[in-house]
Each structure stands twice: as C-alpha cells, then as structure tokens.
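So the structure is just underneath, and the comments pick up after that.
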Amino acid sequence: MLGEAARTAEDAKKYFQSYETAITAIGQVANGLGPIQAPGISIKLSALHPRYEYSQRTRILKELAPRLLSLAQQAKAQNIGLTVDAEEADRLELSLEVFDKVFSDSSLAGWEGFGLAVQSYQKRAPAVIDWLINLSQKHKRRIMVRLIKGAYWDTEIKLSQVQGFSGYPVFTRKNSTDVSFIACAKKLIEHNDCFYPQFGSHNAYSVATVMELVSAHPNLAYEFQCLHGMGQPLYDQLIEDKNLNINCRIYAPVGSHQDLLGYLVRRLLENGANTSFINRIADEKTPIEKLIANPVERVSKMTSLPHPQIPLPNNIFGSSRKNSRGVDLSNSTERSELFRKMNDVADTTWQSGPIISGKMISRPTPLAINSPSQLNQTVGYVTQATAEDVELALEQADSNKHSWTTLSVDERAKCLEKAADLFEEAIPMFVTLLCREAGKHIIDCLSEIRETVDFCRYYAEQARSCLSPQILPGPTGEYNELSLHPRGIIVCISPWNFPLAIFAGQVLAALVTGNAVIAKPAEQTPLVAAEAIRILHKAGIPQTALHLLPGRGEIVGAKLVADERINGVMFTGSTETAKLIQQRLAERSGPIVPFVAETGGQNVMIVDSSALPEQVVADVITSAFNSAGQRCSALRVLFIQDDIAPRLLPMLKGAMSELTVGDPGDLATDIGPVIDTDALKMLQEHAKKMSHEGTLLFEVPISGSNNGHYFAPCAFEISDLDLLKREVFGPILHIITFKANNLNKMLEKINKTGYGLTLGIHSRIDATINHIKDTVSVGNIYVNRNMVGAVVGVQPFGGEGLSGTGPKAGGPLYLPRLCIERAVSINTTAAGGNTTLISLNEGD
C-alpha cells in the first residue's frame, strides 16, 4: 500500500484502518485457501507509528507491537498471509524486535502466514536468517520469508557517508548482492522446516539458481514473487511450463496517483541502472555470456571487493583529508559501547579557568556551572578571568607569538591533524560534557564533535594549499610573488550554542595561519572550552600561542577588543553584540584590524504548492526545533503557499504532538532545555506577545519533572513578517501563508529585514527554485531538505547583511582573511642582464 510513511498519529490510525479493511477484503476473496494459495498483504511498520525510529524503542514496543499483533490476528482469522515489509538499515534491529514480540504471541499459534521481508543487499541478511531459524525452532512454527535484493541502496550509501560510519550496511557491488541473495536462498531452502521461502527477483540468473537449488528438495513448497509490471515476461515463460510446477505471486502496489509518483520514480531508476538485469537484457548489444555470468565467479576474481568508485565513508574527501568518524546509534553494540564509556566519566567534576601559557589559574571561590537540564546538578566549576588575567595573557601572547609563527605551515597543519584524532578519542567525554553543560541532545553532541574534527582536518588541508607563496605572471626580467603572513594576536569570541565546534573552528583557523590566539568562550559553557584547549595543547600547539580567558564579556571581551595589541577579532553571536564590538574597534587608535563576525538571522523557509507535504513537515520539525531551536541557522519563519496550507498545517500540528521535551541525555527525548533563565524568560515573553498578535497552532506539552530551563516548543500563525522585529533564538516557529501571485512581494519583505543567513526552499518546480535563490540575499540556501547541520568544506557557512561579515566558516576563503598579504617584485635583470632571454635557443 503506497504512501506508507506516517508523520502523525492520525496518519498511523488511517493506515491501520486501511490495513484492516484490506485484510477483510482479501480474506473474502481468499475463501479459506490458506496463506500459500490465497492473496496476502504486505505492510510497513513505519505506516503504523509516526515515530518508528531506534531512539523511540521503548515506545515502539509498547505502542506499535500491539497494532501489528492485532493485524496479524485478523490475518490469521482470515487465513491469509501477512508480511512485514523491509525498512531502512537503521530500523533493522527494531523491526526484528517487533517481529519477535508479535510472532511469539500465543494467539498466533498454528498460523504459518506471518512473514518478514529480508533484503539480501544488507550485509546482515544471512545473520537475520539465522536469527529467524532460531525463532522458528523456538516456537515450532514456519515463517514466510520474502527474500529480495533491496530498494534503498543509494539512500543507505549516502546516509552512511553523511553520518561518517565505519562502513556500509549494504554491499557496494551488484554482484556481491547477487551472491548474498544466493547464499540467503540456500539457507532458506536448506531449512525448509522453518520457512516458506518467497523469492523476489527479476534477474533470470538468480531465478535459475534458485530453481537449481530447489531441485535437490523435490517436496519443498516455495514461490517466486514478481513486482507488478516488471519482469513478467520471465515468469510468464516459467509458469506456462506446467512441468516446472512453479508458483509466482504478483506483488502489486495499491494507492492513489499522488502516492504512486515517488514509488514509480524509484522503480524506474532501479530498472534503468547500468547493473539492472532488466536494463541489460533490453540492450541487444549485451552478449548473452555477460547476462548469465556466475556472480560468485565474478566476485572471486575481483581485485577489490568494495566498489572502487564508492569510497568508504571516511574516505569520501579523497586523499586530502579523512571524514570525521560517527557513531551508529541504531547499532546496539556501538550504542552500548558509547554509553559504557560515557558512564566511565559520569562522576567527573570538570574544572575551568584562565589558562595562560598552559597554567590554569584557580581561586578560592570558583563559580559553579549547573546543568540547564537539571538545575541541581553541578557539572563543574570555573574561575572567571580578571582584568589582571587579561593583561597577563596579552603580555604572554605578544612576547611569544613568534615561536609559533616561525613554524612551517606543514608543522602547524600536523598539529591540527593530531588534534582531530584526539577529539575523536575523546568522543564519550565530550558527549557527556556537552549534554550536561550545554543541555545538548546526545545526537547533537555527536554531530558537534564531528564538526570539530572536520574543522581540524579541513583547515589543515586548506593551510597547505592556500598559504604557500604564489608566483604571479609578469614581464620577462621580473620575479613577482604574493605571500600570506600571520597578523599577530587574534581574539576568538564564541557562543554557547556550539561551545565546542564554533569555539574550536575559530581557534583552529587563527592558529593554522600562524597567529597567536586568546580565546574567550561563552560564560555559560567554559568547561567545554577548557577541555578543548587541553586537547589542542596536547596536540602540539605551543602553550604560549594559545590562551583561554573565561569570564564576563564586559571585563574580558571589552578589554581584549580595546587593546591595540590585538590584530584581529573573530566573533559568533548576536547582531547587537557584533555592532558593539565593531564600534569599540573603530574607536581604537592604531591600525584598522579585521573583524570576522557570524551573527543572527531571521531565517525563512518557503513552501509552494508543488512540495511534498511529508518531506516538508519532517524538514520543518528538524529545522525549527532540533537543538531547542538554538542554532543560528534554525528556521524562524515558515512561508506556506495557501493552496497547500490546509493539508500541510494539520500534518505539522500532528507531527509536533509527537515530540517530547525532556532530559537531553535520553535518546527518546527530542528537545532539551534552553540555555539559561534569560533565554527562557525571553521566549516566554515572546510567546505571550504572539498569543495576542497571532494564532497558536500548537504547543508541545512538557511532561514529567521540570527541573530545568525547559520551554514548550510552539508554532504561531501570524499575518505579516513585520511583526517580527528581531530574531527570536529558540523553538518558536512563525507561520505565514501567501498567495502564489504575491511571491515577489514576499521575497522583497524578506530582503528588507536586512538579515541574510539561511533560507529553505521546498518546491518541485525548477523555475520557482531558481527565481527564489536568485532574488533573496542569503548566505546559505537549502533546497528540498532541512536548513541545519552545515558540513565543513561541503556547505561553507556564514551570512551577509545583518547576519555577518563573511568569509564563510569551513570554506576555502576563510584562512586568507586571517592573514596579511605581501607582494614582492624583483628586477632580475639588475644583476647584469636577463638570463632567461639570453639562454633561449632558436628552436624550430
């Protein structure tokens, strides 16, 4: 049944009812023939629950398993087959748990129509069949197993690369998948007491192989399955030969034309692939020998089992740098290992303070840092820097800066690469600390650590490529060179919302360009900063070149910015604070120094009537509410074309109702706390204001204990963008509907805000997409995807106008901004003549 992707509880209820209706209708046609002879039904678990995700395991086993059991009981009553369809790889373990729970229910005893689809392109497929053998033997009941190649191959490859996994859950070669299919088929056939095998393939070689394997088991009951409209000529020939006694079931998708579109496109892409049997057999130039080649022999002769043009996830950037390592939380082994290591540091009381030339200053009355998620939990203590500490750091940085500057670019880059490895080794510690001090969800913590690692390796790579002197062309008899040099001392002022990634990104860029650095972290997150400094020192950054000054902005930041020994300022934070820094720098005497600022944004997403509502809702939820909306890139204003609003808004409301607010250390939590009391008060006041000026669409309930800075995420419908005078930093979404003929007026209003950080577009019309992106002045544009999570070196991040000065962090133009350019021109003929010209021969 098409369109099986419940986003809301209402969606799941409708799908459940549709399945019930279908089971009854099929049962009437089946007329008691039994699961093998009668038509059956295939269902997706993701249709039965809007949160079918590994992070919601407890809820899924409690809520979804009973729904599946009810459908299975109905299928048993009708005496037809019911197969649980395959899902993406990150849901495999969860699917098996649900299947086990339902299959083991005593109410299904005696019924052999319950089945499971197994994807042979997954490397775990043979192990899944072994697991099913044990389950069948335990309950002494056969299982219908639909063995297929798999339908999400390209998605699995991309997701593994994006997440930085150690490998792929699927084979990267078609021949390897074919071999796996054969191996799994052998297991099913050899354990015919456990299974009723159903082989879904349109590959004639695979079909012939199954027939050959089955010939050794003359009494085996089995069937082939053919997707409606695909491969039927192959099975027509087999069925017409009555001597073969072959059964073939048609696997028929059912649904509306609207639901069919995406499904049809995927089938067309699969069959049009170069390795597709259906595609190759249609090509008359393809020799028959290639079509019937034994995949086992082909694989055994390969010099490389992985596809040479599909690098492992850690090698997607080629030889220039490694991808950062991720943790597959859907894998119970990796998840348990991470949690075990996090538990090892759970009792740590972290310490921070001014770290000047490697020595941390501590005083008798440090400030306690309490967790925003549990206000009675002290995470650690910080000694805040005094004016005297600032002066000492300036003196040390100024007198020792040349020791770091004189190192070669390669030596500096190697320190960053060493730091990358150390950050990866410290993943459990940083996840624990980020979660507690900054209130970040575990998944967000992992992403931030990966971003930090990417900054290390990317800036090391960029330093080697762009900091070398360039020889410039010119007239003969001259030597012209352009070179980049350190500026001196750079002040790095970072925010609390990315206390590791942005903090480290600024510091690393300034260091690799040869500058000395004084880093001033956010007042809310000094503990993370101190641990980052310790790692950088351990990686080889001289202690005299990198100093930390945690403390109040009006003491530390103001004094640093005003000091003429500072040769540049890097800042990420509010637009208002950036303007104050700009003014303070302008008031200084002496040289004009660069100010690199990344500030706020009135970030919008534009959705037209051609967009896919399910995809829009998923991306809106992620963009507006992940990290409690505390990302500078987060979605603030959603513009929806009025034609699609009646369908989209109820779906968005339903999806919001599925979110949970609570402890960020719990995987099942979706949204953690905001950072502090000031942030909470600001959001509460704005929500109160919006309740009068707009209409509340939905507010996510906060359940359980509320011993933290928790704010209920909410969405308001408002009439006009002019109601928003500044960015509201948190999980509040503003929604404005527009008519198609008013698109240009809306784009004009967006530009008039003066902000230009991120923009989202959801449309399937290229002309609309191009018009919007060519009209709006925005630094980062995201089309048909979420708006958060920019990847270093892939999506350089930074805005324009009120949203920043540029250059973009994690981009190829960032490092030169932190350098001084010097050009040298030498008249090489001054020594007595132009040797280059004189030494030329006549040539031909």
Side-chain angles (χ1 to χ4, degrees), residues 42 86 117-122 125-126 129 145-154 170-190 192 195-218 220-253 264 266-302 307:
S42 178
V118 176
Q119 299 165 314
S120 63
Y121 73 2
Q122 282 209 36
I129 293 177
V145 173
R146 179 172 185 261
L147 182 64
I148 54 177
K149 300 290 177 72
Y152 308 103
W153 180 79
D154 53 341
V170 295
F171 296 103
T172 54
R173 287 189 187 267
K174 176 68 165 60
N175 280 292
S176 297
T177 296
D178 290 340
V179 171
S180 176
F181 184 87
I182 294 170
C184 291
K186 289 182 68 175
K187 281 180 178 284
L188 295 176
I189 292 167
E190 290 169 358
N192 52 66
F195 303 116
Y196 172 66
Q198 302 166 305
F199 302 105
S201 176
H202 307 121
N203 184 316
Y205 188 92
S206 298
V207 171
T209 303
V210 168
M211 292 171 63
E212 182 65 23
L213 293 172
V214 167
S215 65
H217 303 268
L220 175 70
Y222 76 103
E223 69 182 44
F224 287 105
Q225 292 193 357
C226 170
L227 187 63
H228 177 70
M230 284 174 53
Q232 286 189 219
L234 167 65
Y235 288 108
D236 286 343
Q237 293 187 47
L238 298 178
I239 293 172
E240 286 173 4
D241 189 340
K242 302 300 181 184
N243 295 323
L244 295 176
N245 193 30
I246 288 177
N247 291 323
C248 180
R249 188 185 303 271
I250 299 295
Y251 187 76
L264 179 61
R266 175 160 290 281
R267 298 289 85 78
L268 290 172
L269 289 173
E270 288 174 359
N271 293 327
N274 293 334
T275 55
S276 166
F277 183 87
I278 291 177
N279 182 22
R280 297 173 74 206
I281 200 172
D283 185 359
E284 295 179 357
K285 296 179 181 179
T286 303
I288 189 67
E289 293 78 11
K290 287 191 175 182
L291 287 173
I292 62 173
N294 185 339
V296 177
E297 290 183 5
R298 294 194 66 178
V299 169
S300 65
K301 293 177 181 178
M302 291 175 179
H307 198 295

Output all residues satisfying salt bridge (charged side-chain N to carboxylate O under 4.0 Å, His left out) with E190, sequence neighbours left out; order by chain, then residue number. none
Considering residues at least two apart in sequence or located in another chain, which fulfil the side-chain hydrogen bond (donor to acceptor under 3.5 Å, both in side chains) criterion with R173? none
Out of curiosity, I246 CD1 to L238 CG, how far, rounded to the nearest 0.5 Å? 4.5 Å
Output yes when a side-chain donor or acceptor of H202 lies under 3.5 Å from a complementary backbone atom of L234, and no otherwise. no
By side-chain hydrogen bond (donor to acceptor under 3.5 Å, both in side chains), which residues pair with Y222, not counting sequence neighbours? none
Under a 4.5 Å cut-off applied to non-hydrogen side-chain atoms, are P295 and I182 in contact? yes
Begin from the C-alpha positions of Q198 and I148 and carry the test side chain to side chain contact (heavy atoms under 4.5 Å, CB included) through to its verdict. CA-CA 9 Å; Q198 302 166 305; I148 54 177; over 6 Å; no
R146 side chain near S42 side chain, heavy-atom distance below 4.5 Å: no
May I have all residue pairs that pass salt bridge (Lys or Arg N to Asp or Glu O under 4.0 Å) and include part of residues 228-251, sequence neighbours excluded? E223-R249
Please enumerate all residues that pass side chain to side chain contact (heavy atoms under 4.5 Å, CB included) together with A252, with sequence neighbours excluded. H228, I250
Of all the heavy-atom pairs spanning M302 and N175, show the shortest one and how long it is. CE-ND2, 3.9 Å
N/O donor-acceptor pairs under 3.5 Å from side chains in residues 208-216, not counting sequence neighbours:
from	atom 1	to	atom 2	distance (Å)
T209	OG1	Y205	O	2.8
S215	OG	E212	O	2.4

Heavy-atom closest contact (S180 atom, S120 atom, distance): OG-O, 2.8 Å
Which residues pass the side-chain hydrogen bond (donor to acceptor under 3.5 Å, both in side chains) test with Q232, sequence neighbours left out? none
Those residues at least two apart in sequence (or on a different chain) that pass side chain to side chain contact (heavy atoms under 4.5 Å, CB included) with Q237 are none
With Y235 via ring-ring contact (aromatic ring centres under 6.0 Å, His included) - residues at least two apart: F224
Heavy-atom pair of closest approach, residues C248 and C226: SG-CB, 3.7 Å
For the residue pair C184 and A125, what are the closest heavy atoms and their distance? SG-CB, 3.7 Å
Under the side-chain hydrogen bond (donor to acceptor under 3.5 Å, both in side chains) test, which residues partner T177, sequence neighbours left out? none
For F171 and Q122, which heavy atoms make the closest approach, and how far apart are they? CE1-O, 4.0 Å
Nearest heavy-atom contact between F199 and A185 is CE2-CB, 3.6 Å
Is the closest side-chain heavy-atom distance between K187 and L147 below 4.5 Å? no
Sub-4.5 Å side-chain heavy-atom contact between F195 and I129: yes
Hits for side chain to side chain contact (heavy atoms under 4.5 Å, CB included) against N245, two or more places apart or cross-chain, chain-then-number order -> none
